[in-house]
Peer 1: 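What follows is a single structure, and I will ask about it in a moment.
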Amino acid sequence: MTRISLDEARELWLHASDEELIERAQAARAQYHDPDRATYMVMRIVNYTNVCVAQCDYCAFYVLPNQDGGYVLSRKQVFDKIDELLEVGGDLVAFNGGFNPKLPLDFYCDLFASVRERYGERVEFYALTVAEFVFLADRARLSHAEAAARLRESPERHYRLVAEAGGR
C-alpha cells in the first residue's frame, strides 16, 4: 500500500463513508500487524496540575488560578505515578496540565529533564499538547523553535544553564 496524495486525502476527508475509512485503516494496519491479532499498550496520563486559564470544554476538572482545589504535583508525586506505571508493565507516560500561568517554561524543562534523567529509556513520554506548547512559548517570549530546543535539552545541560543563571 502506498501513501495517498494530498488530493486523495482531501477527497476522503470530504466524501468517504465511515465504512470506507474503516476498511482503509484496517488495510493499513494489516501491513504492519497480523490482522487477526489486537495489541495494546499500558500508559498513564499524569495530570501534573489542574490550574488552567483556558476555560475550554476539553476537561471538566480545571480550576482557575487562586481558586480552591488547585494543585501542582511535586516531583515525588510525579515519580510515584510513573513508578506505579512501571510496576504494572507500562512504559508510556503522557503529561497533561493545560495552561497554568504560574508555571514558567523552566518548570517544564526541569520536570522533563528530571524524568529523562531518572527513567532514561525505561519510559517514553509525551509532553504538552500543541496548544500547551504554544501557550508556554508565547509566555516565555520565545519562538517555537527556541522553546522546543529548551525542552529537548539534556538534563546535564539544563542544570548547567540553570546554575549559570543563578538558580539551583
Side-chain angles (χ1 to χ4, degrees), residues 3-6 9-10 12-13 25 28 32 40-168:
R3 291 183 66 90
I4 63 174
S5 70
L6 183 60
R10 183 179 299 112
L12 287 170
W13 178 261
Y32 303 100
Y40 65 94
M41 68 174 134
V42 178
M43 72 170 289
R44 181 163 199 174
I45 298 173
V46 175
N47 298 105
Y48 54 87
T49 182
N50 68 339
V51 177
C52 183
V53 296
Q55 299 184 45
C56 63
D57 294 330
Y58 176 70
C59 74
F61 69 88
Y62 74 88
V63 298
L64 294 171
N66 302 319
Q67 280 187 322
D68 290 339
Y71 68 82
V72 176
L73 295 182
S74 69
R75 189 81 67 241
K76 179 185 180 327
Q77 290 170 309
V78 170
F79 290 163
D80 287 348
K81 290 179 181 296
I82 296 171
D83 290 343
E84 289 170 0
L85 171 70
L86 290 171
E87 287 172 16
V88 298
D91 63 358
L92 176 61
V93 179
F95 290 93
N96 187 23
F99 305 161
N100 186 331
K102 295 183 179 182
L103 299 179
L105 182 63
D106 282 343
F107 169 86
Y108 299 90
C109 293
D110 186 44
L111 173 63
F112 303 150
S114 67
V115 169
R116 284 191 297 267
E117 180 178 46
R118 179 175 172 123
Y119 297 99
E121 299 297 317
R122 292 186 298 154
V123 297
E124 180 178 351
F125 71 92
Y126 296 107
L128 303 176
T129 64
V130 171
E132 289 170 313
F133 172 76
V134 169
F135 176 79
L136 285 173
D138 289 350
R139 285 188 46 79
R141 293 186 169 91
L142 295 172
S143 71
H144 297 156
E146 291 168 322
R150 291 271 310 278
L151 288 164
R152 277 194 304 266
E153 288 173 353
S154 70
E156 298 80 21
R157 176 166 162 67
H158 174 70
Y159 293 130
R160 189 174 65 250
L161 290 174
V162 169
E164 289 169 2
R168 297 174 258 142

Peer 1: Should Phe112 and Leu128 count as side-chain neighbours, where that means a heavy-atom distance under 4.5 Å?
Peer 2: yes
Peer 1: May I ask you to check whether over 12 heavy atoms, not counting those of Leu92, lie within 6.0 Å of atom CG?
Peer 2: yes
Peer 1: Could you give the distance from CG (Leu64) to CG (Asn50), rounded to the nearest 0.5 Å?
Peer 2: 10.5 Å
Peer 1: Quick one: are Val53 and Tyr62 in side-chain contact, heavy atoms under 4.5 Å?
Peer 2: no
Peer 1: Is the shortest side-chain heavy-atom distance between Val93 and Val78 below 4.5 Å?
Peer 2: no
Peer 1: Give the minimum heavy-atom separation between Phe99 and Ala54, together with the two atoms involved.
Peer 2: CD1-CB, 3.4 Å
Peer 1: Apply side-chain hydrogen bond (donor to acceptor under 3.5 Å, both in side chains) to Lys81 and Asn47, showing your working.
Peer 2: CA-CA 10 Å; Lys81 290 179 181 296; Asn47 298 105; over 6 Å; no
Peer 1: Does a sphere of radius 6.0 Å around CD in Gln67 hold more than 12 heavy atoms from other residues, nucleotides or ligands, not counting ones at 6.0 Å or beyond?
Peer 2: yes
Peer 1: Output, in order, the C-alpha distance, side-chain angles, deciding distance and verdict of side-chain hydrogen bond (donor to acceptor under 3.5 Å, both in side chains) for Ser143 and Glu146.
Peer 2: CA-CA 5 Å; Ser143 71; Glu146 291 168 322; 3.2 Å; yes
Peer 1: Kindly indicate whether the side chain of Val46, heavy atoms from C-beta on, has any atom under 4.5 Å from the side chain of Leu73.
Peer 2: yes
Peer 1: Locate the shortest heavy-atom distance separating Glu132 from Gly98; write the atom from each residue and the value.
Peer 2: OE2-N, 2.5 Å
Peer 1: Would Asp83 and Arg44 count as a salt bridge (charged side-chain N to carboxylate O under 4.0 Å, His left out) here? Give the steps.
Peer 2: CA-CA 11 Å; Asp83 290 343; Arg44 181 163 199 174; over 6 Å; no
Peer 1: Taking the six-membered ring where the residue is Trp, are the ring centres of Tyr48 and Tyr71 under 6.0 Å apart?
Peer 2: no
Peer 1: Assign the ring pair Tyr119 / Phe79 to parallel, tilted or perpendicular, where the plane angle (0 to 90°) is split at 30° and 60°.
Peer 2: perpendicular
Peer 1: So do the side chains of Val123 and Leu86 get within less than 4.5 Å of each other, counting heavy atoms only?
Peer 2: yes
Peer 1: Would you name the heavy atoms of Arg122 and Asp91 that are closest together and state the gap between them?
Peer 2: O-CB, 3.6 Å
Peer 1: Are Tyr108 and Phe95 close enough that some pair of their side-chain heavy atoms sits under 4.5 Å apart?
Peer 2: no
Peer 1: Any side-chain heavy atom of Asn66 within less than 4.5 Å of one from Lys102?
Peer 2: yes
